[in-house]
Amino acid sequence: MEDLYIFDSEVFAYDWLFVFKKVTTGEYTIIHNDNDAVLAFMECNPLLVGFNNKHYDNHILKAVMVGYEPEVVKHVNDLIIHEGLNGWQIPLLQEHRIYFDSFDLMDDCQTGISLKAIEAHLGIPIEESEVAFDIDRPLTIAELYQTIDYCKYDVDATEKLMHLREAYLRNKVTLGKARGLSARKALYMTNAKLTATYLQARKPAKPRTDERDYQYPDKLLREYIPQEVFDFFDRMHDESIPADEIFSSKLELMVGDCPCTLAYGGIHGAILHYVEEATETRSIRNKDVASYYPNLMVKPLSAGQEYGYCSRNIPSPQIFADTLADRVRAKRAGDKVTDKALKLVLNTTYGAMLNGKDGQAFNDLYDPLMGRSVCITGQLLLLELSMHLLRECPTLKIIQLNTDGSEPKVKGGQLVRGIPAQGAFNINNNAVIVAKAIKQFFVDGTPPEDTIAASTNILDFQLISKASSKYSRCYQIVDGNYATMQRVNRVYAVADRMMGTLYKTHAQTGKDAKIAGLPTHCVIDNNNELSIDAIDRKWYIRLAKKHINDFLGIKPPRKNTRRINALKKKSLLLLG
């Protein structure tokens, strides 16, 4: 888009700054404490894109466009940052009607991720401002230029994120176009909001109160399902039990040898520490129901097996059925643009039906009875199938059962790395070498020592450390001295005992705590200057072996605490 600009802002007691970068040319527009210059720039009707700008930068921009002095802009900043107000709640801004087009790359990202953390996971330098934001005076010229460089760096990092999310953005534009929305309007919406618009959903005049009126489907073969399962879900109809208690409850159940948990978010089960290789007499099979929840949401046909659990806020159930059919046709025809766009709708609708609280809708698709019906029926049907198979085939062993879909070949907190190809934006490049070592051990028996020794990419060894906004500072003990560090850091394990681990200080209590998951001895390398020769590969080998043993159910040998304490006492006496 010719008029697309990446932007970011910085605010101080007597200064504010905006950096706008035109995507097509790479040209920066930098404006400092000049309200008229901002107004002149905005008269060109740019399309602005930022990270967390819906919550922060858009409101700072509005305050500047209103004409407020830097001190007032700082007051708006503090109300958002320190008081936790939403921009539209601030009286100073409510009385002014100013509109401009923007979209936020933070929409539909993993919860809690920051731009600094994204920089860290992408392997680029992690830069935090060298100029303190609590300076109670105008910035010096040197401080202003430092801040400009810092703001430009964040704009560049935001541009990298935008390119990583290009497919997601194209999907939104495609969906918007199908419903007569401009690209600007579609890009501003979250997935859930755009999905509701695509399906033409409208909230009912009165909130529905039938969330607990679930009815079992007639087609369910109840004889294969234990009575305790029905007893568990029947509790929904007991109005004496609070809704919070009902919908947070769980039922533990054995499906053959597989321990499972049924709940109001789905069924999840797996045999822990299970390993088996396929042989000529035994095969391992991975069965996945295609578009499981969407098919449960399609309205019933005369001779079909559909159940019709789609939001009743959609004017015609045929709209959702057509969306599912159109997606299947596009996929078969190789039309990837339509396929991916419609997949976004199908995957978002279920969650949007439950996107509310206490009867109050956060989304026009909100229909909790239908959302609960999809989830409960989905569990019951899988349970019926599993129990039926176990009864018919005594040698069958179910090792995993999940309404979220069969687990991919690589799945789990210690294995999933990189940027997933589907869903909301997620990124995890933390200790990549350990994930590789675990995977290769189980796939082809490669010892973790061999995998870790073979890597020549230092970023495979990075550990991303982040102290949240609850903490006022982060520091490291180096050779017995305290060294202040950034809140987000790229950390590596080293053998140098002079290098300590990282700590964080709680903003309210002032208490210090170690940052979990880090080596006892580590180096901070936020600018990618460390040589790979400095890495303590043995630390990563030990970590990989620990996770491998955890999976296999091998517990570490118990320490003889009595002997250890006795030795400590003896050493103290000798030192005395």
Side-chain angles (χ1 to χ4, degrees), residues 208-274 286-289 291-297 305 307-309 350-359 366-394 396-408 411-413 550-551 553:
R208 293 191 174 93
T209 59
D210 58 357
E211 180 176 7
R212 297 169 70 162
D213 291 348
Y214 172 76
Q215 302 296 318
Y216 298 108
D218 293 337
K219 301 171 185 176
L220 191 66
L221 301 178
R222 298 173 66 107
E223 62 268 27
Y224 293 108
I225 300 175
Q227 182 59 40
E228 61 185 304
V229 173
F230 295 108
D231 294 340
F232 173 73
F233 288 119
D234 283 344
R235 295 172 70 244
M236 269 197 305
H237 304 136
D238 186 347
E239 295 295 336
S240 68
I241 307 175
D244 287 346
E245 180 181 338
I246 287 290
F247 296 125
S248 63
S249 59
K250 299 178 180 179
L251 174 66
E252 306 296 333
L253 182 75
M254 293 299 296
V255 180
D257 295 330
C258 184
C260 294
T261 301
L262 280 76
Y264 287 88
I267 184 171
H268 303 89
I271 299 179
L272 295 178
H273 319 307
Y274 187 82
N286 183 358
K287 298 295 183 181
D288 190 6
V289 183
S291 299
Y292 190 38
Y293 278 9
N295 276 294
L296 287 174
M297 292 158 59
Q305 294 295 314
Y307 290 84
Y309 295 135
Y350 164 71
M353 291 197 297
L354 293 168
N355 193 0
K357 188 176 182 181
D358 300 328
Y366 181 59
D367 189 348
L369 173 59
M370 293 296 102
R372 302 292 182 196
S373 298
V374 170
C375 186
I376 297 170
T377 301
Q379 294 181 72
L380 294 174
L381 292 175
L382 279 185
L383 197 56
E384 171 200 306
L385 174 63
S386 301
M387 294 294 194
H388 194 166
L389 289 172
L390 286 169
R391 189 176 298 181
E392 297 295 325
C393 182
L396 176 70
K397 183 184 290 289
I398 292 177
I399 62 174
Q400 190 268 346
L401 192 64
N402 196 331
T403 44
D404 293 336
S406 277
E407 291 183 3
K411 180 81 171 180
D550 286 345
F551 183 85

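As a basis for the values below, the full set of heavy atoms in this structure was taken, side chains included, without hydrogen atoms, waters or symmetry mates.
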- prompt: For the atom pair SG (Cys393) and NE2 (His388), what is the distance rounded to the nearest 0.5 Å?
  reply: 11.5 Å
Nearest atoms (heavy-atom pairs only) where Glu252 meets Thr261: OE1-OG1, 2.9 Å
- request: Considering non-hydrogen atoms only, spot the tightest contact between Arg235 and Ser249 and give its length.
  value: NH1-OG, 3.5 Å
- prompt: Roughly how far apart are Asp213 CG and His237 NE2, rounded to 0.5 Å?
  reply: 6.5 Å
message: Could you check whether any side-chain heavy atom of Ile376 comes within less than 4.5 Å of a side-chain heavy atom of Tyr264, counting everything from C-beta outward?
response: yes
message: Tell me whether Glu384 contacts the main-chain N or O of Leu221 through its side chain, where contact means a donor paired with an acceptor under 3.5 Å.
response: yes
query: Mind checking what makes side-chain hydrogen bond (donor to acceptor under 3.5 Å, both in side chains) contact with Ser291, not counting sequence neighbours?
result: none
query: Looking only at heavy atoms, which two atoms of Cys375 and Gly265 are closest? And how far apart?
result: SG-C, 3.5 Å
- prompt: Do Tyr216 side-chain atoms and Leu380 backbone N/O form a donor-acceptor pair below 3.5 Å?
  reply: no
query: Can you find a heavy atom in the side chain of Leu369 that is under 4.5 Å from one in the side chain of Arg208?
result: no
message: Between Leu354 and Phe247, does the side chain to side chain contact (heavy atoms under 4.5 Å, CB included) criterion hold? Intermediate values first, please.
response: CA-CA 12 Å; Leu354 293 168; Phe247 296 125; over 6 Å; no
- prompt: If you look at every heavy atom in Leu253 and Met387, which pair is closest and at what distance?
  reply: CD2-CE, 4.5 Å
field: Minimal non-hydrogen separation, Leu401 against Ser386, with atom names
entry: CD1-OG, 3.4 Å
task: On the 0 to 90° scale, with breaks at 30° and 60°, tag the Tyr309-Tyr214 ring pair as parallel, tilted or perpendicular.
output: tilted
task: State, with a plain yes or no, whether a side-chain heavy atom of Leu296 is found less than 4.5 Å away from one of Tyr350.
output: no
query: Would you say Cys258 and Tyr274 make side-chain contact, with heavy atoms under 4.5 Å?
result: no
query: Can you list the residues that meet the side-chain contact (heavy atoms from CB on, under 4.5 Å) rule with Asp550, with sequence neighbours excluded?
result: Lys546, His547
From CG (Asp238) to CD1 (Ile246), nearest 0.5 Å: 7.0 Å
message: Quick check for you: to the nearest 0.5 Å, what is the distance between Ile399 atom CD1 and Leu272 atom CG?
response: 12.0 Å
task: Would you confirm whether Tyr292, through its side chain, and Gly378, through its main-chain N or O, come within 3.5 Å as a donor-acceptor pair?
output: yes
query: Between Arg372 and Phe233, is NZ or CZ placed under 6.0 angstrom from the six-membered ring centre and within 45° of the ring axis?
result: no
- prompt: Side chains of Asn286 and Gln400: closer than 4.5 Å at any heavy-atom pair?
  reply: no
query: Rounded to the nearest 0.5 Å, how far apart are CG of Asp367 and CE of Met353?
result: 7.0 Å
message: Measuring only between side-chain heavy atoms, which start at C-beta, is Ile241 closer than 4.5 Å to Arg212?
response: yes
- request: Could you tell me whether the side chain of Ile398 reaches within less than 4.5 Å of the side chain of Leu389, counting heavy atoms only?
  value: no
query: CD1/Ile271 to CE/Met254 distance, rounded to the nearest 0.5 angstrom?
result: 7.5 Å
- prompt: Are the side chain of Gln379 and the backbone of Ala263 linked by a donor-acceptor contact shorter than 3.5 Å?
  reply: yes
Nearest heavy atoms of Gly308 and Met370, plus distance in Å: O-SD, 4.1 Å
